[in-house]
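Computed from heavy atoms alone, side chains included, the values below leave out hydrogens, waters and symmetry copies. Since this is a predicted model, take the numbers as computed values, not measurements. Atoms within each ligand, like the ligands themselves, are counted from 1 in listed order.
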Amino acid sequence: MASPPRHLLPLLLLLALLGTSSAAAPGVIRLPRAGACAAPADPAVYDRPVIGIVTHPGDGAAGRIDNGTSTSYIGASYVKFVEAGGARVIPLIYNEPDERLLEKLSLVNGVLFTGGSVKRGPYFETIKKVFQYVLDKNDAGVPFPLFAQCLGFELVSMIVSKDNNILESFHASDQASTLQFPNYSSLQGSVFGRFHPDLIKKLSTSCLVMQNHKYGISPKRLRENDALSSFFKILTISPDENGEVYVSTVEAQKYPITCTQWHPEKAIFEWRKPMIPHSEDAVQVTQNFANYFISQARKSPNRPPADKVLDNLIYNYIPTFSGKTSKSFELVYLFS
Ligand SMILES: *[C@@H]1O[C@H](CO)[C@@H](O)[C@H](O)[C@H]1NC(C)=O
Ligand SMILES: *[C@@H]1O[C@H](CO)[C@@H](O)[C@H](O)[C@H]1NC(C)=O
C-alpha cells in the first residue's frame with residue numbers, strides 16, 4: 001500500500017487531532033486533550049525530594065588534593081546515585097555548627113551516609129546526631145529515610161548496639177561479590193521487592209556488587225545481639241575472600257532505613273578499580289537501589305522553601321576531577 005505523500009503528513013495529523021466525533025474513524029489516532037497531563041498526582045507523594053549527604057573528613061585522595069585539617073569531601077558518585085533516583089543533594093558538612101546542620105536537615109527529605117574510614121571524633125558525633133534525627137522524625141510519624149553504605153552501615157551498627165567494638169574483621173578490600181539471600185520471604189516490601197526474579201538469581205550467582213571493607217558483622221553476631229536483631233532484618237549475606245560470611249544488606253524492621261556493606265554507586269559512576277562490575281545487570285542493581293531510596297524520600301511530607309533549598313544545594317560547589325590522584329573517586333566535592 002502506498003503511504004501518503006510526505007508533505008501531507010502534518011496536515012493528516014492535524015485533521016486527526018481536530019476530529020471531534022466520538023467514534024473515531026479506523027486508523028485515526030486520538031490523542032488526549034491538551035491539559036490532560038496536568039492532573040495533580042497523589043499529593044502525598046513529593047516529586048522534588050532532596051537528600052542530605054554527610055561529608056567525610058579528608059579529600060578522598062589521601063591529602064594529595066587538599067590536606068587541610070578541616071577539609072571534608074563527598075565522592076561525586078554518591079551525589080549522582082541520588083540524582084539517578086530523581087532527587088537533588090544538600091551536603092551536610094560534618095564539622096559545621098549544629099545550627100547549620102539542623103537548618104539543612106530541615107531542608108531535606110532523607111539522608112545518606114557514605115563509605116569511608118573514620119569511626120570516631122567529631123565525624124562520628126555528627127553521624128550519631130543525624131541518625132537520632134532520622135529515628136525522631138520517623139517516631140513522630142514523619143517518614144524520613146536513611147540509606148547507609150559501607151562505613152555508614154558499620155557506624156549505624158555501632159550506634160544501635162551501643163558497642164563501638166561490635167564489628168569484626170573481614171577480607172573484602174576491592175572485591176566484587178555475590179549477594180546471598182538467606183530468607184526469600186524477608187524480601188517482600190524491601191528494596192529487593194522491586195527486582196525481577198531473574199536479577200535476584202543472578203545476584204546470588206554472579207559478582208554484581210562491589211565490596212571494599214576490612215570490617216563488617218557476621219550474621220551470627222548480629223542475631224545474637226538483642227539490639228541489632230530487634231532493629232534490623234537481614235536481607236543478604238556475602239562471603240569474603242576467605243569464605244567468611246558477613247551481613248551485606250539489612251533493612252530496619254520499623255524504620256525506612258536500608259544499609260549495605262557494599263557500594264551500589266560504584267557500578268555506574270566509579271572506574272578507578274578494575275574489579276568494579278559495570279555490566280548491564282550490575283547497573284540495574286544500582287538503579288533499583290537508587291529508585292527505591294528516592295521512592296521512600298518522596299513519602300516525606302517536608303516541603304522546604306525553594307529559595308532556601310537552592311542556597312544549600314550541592315550545585316553551589318564545583319566538583320574536582322580526582323581520577324588521577326584518588327584511588328577511589330573520579331570526581332569529589334571538597335568542603336573546607
Ligand atoms: C600537604 O601538606 C604538606 C606540608 O605538610 C605540603 O607540603 C603539601 O604541599 C600539601 N599538599 C597539598 C596537596 O596541599
Ligand atoms: C523470614 O522472613 C519472614 C518475613 O520477614 C519472617 O517472618 C521469618 O521469621 C523469617 N524466617 C527466618 C528463619 O528467619
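Within ligand 1, counting atoms from 1 as listed, the ones closer than 4.0 Å to a heavy atom of R64 are 13 (C). For ligand 1 and I65, the ligand atoms under 4.0 Å from any heavy atom of the residue are 13 (C). Close approach of ligand 2 to S185 is summarised as follows: ligand atoms under 4.0 Å from at least one heavy atom of the residue are 1 (C), 2 (O), 3 (C), 4 (C).
The main-chain N or O of S229 is found under 3.5 Å from a side-chain atom of Q253 such that the two form a donor-acceptor pair.
Using bins of under 30°, 30° to 60° and over 60° for the plane-to-plane angle, the ring pair F232/F153 lands in the perpendicular bin. Ring planes of W271 and H278: parallel class, angle under 30° (limits at 30 and 60°). Using bins of under 30°, 30° to 60° and over 60° for the plane-to-plane angle, the ring pair F195/F192 lands in the tilted bin.
Checking atom 11 (N) of ligand 2 against the protein gives a heavy-atom contact under 4.0 Å. There is a protein heavy atom closer than 4.0 angstrom to atom 14 (O) of ligand 1. Protein heavy atoms are absent from the 4.0 Å sphere centred on atom 7 (O) of ligand 1. Distance screen at 4.0 Å: atom 4 (C) of ligand 1 has no protein heavy-atom neighbour inside the cut-off.
Close N/O approach between K233 and ligand 2 is not found [any backbone or side-chain N/O within under 3.5 Å]. Considering backbone and side-chain N/O atoms, N67 comes within less than 3.5 Å of an N/O atom of ligand 1.
Salt bridge status for E125 with K128: present, with a side-chain N to carboxylate O gap under 4.0 Å.
Close placement of the F231 and Y255 rings is indicated, their centers lying within 6.0 Å of each other.
Taking atom 2 (O) of ligand 2 as the reference point, the nearest protein heavy-atom neighbour is N183 ND2, 2.4 Å.
Results of the side-chain hydrogen bond (donor to acceptor under 3.5 Å, both in side chains) test with E154 over K214, H213, Q261, Q149 single out Q261 as the only residue that passes.
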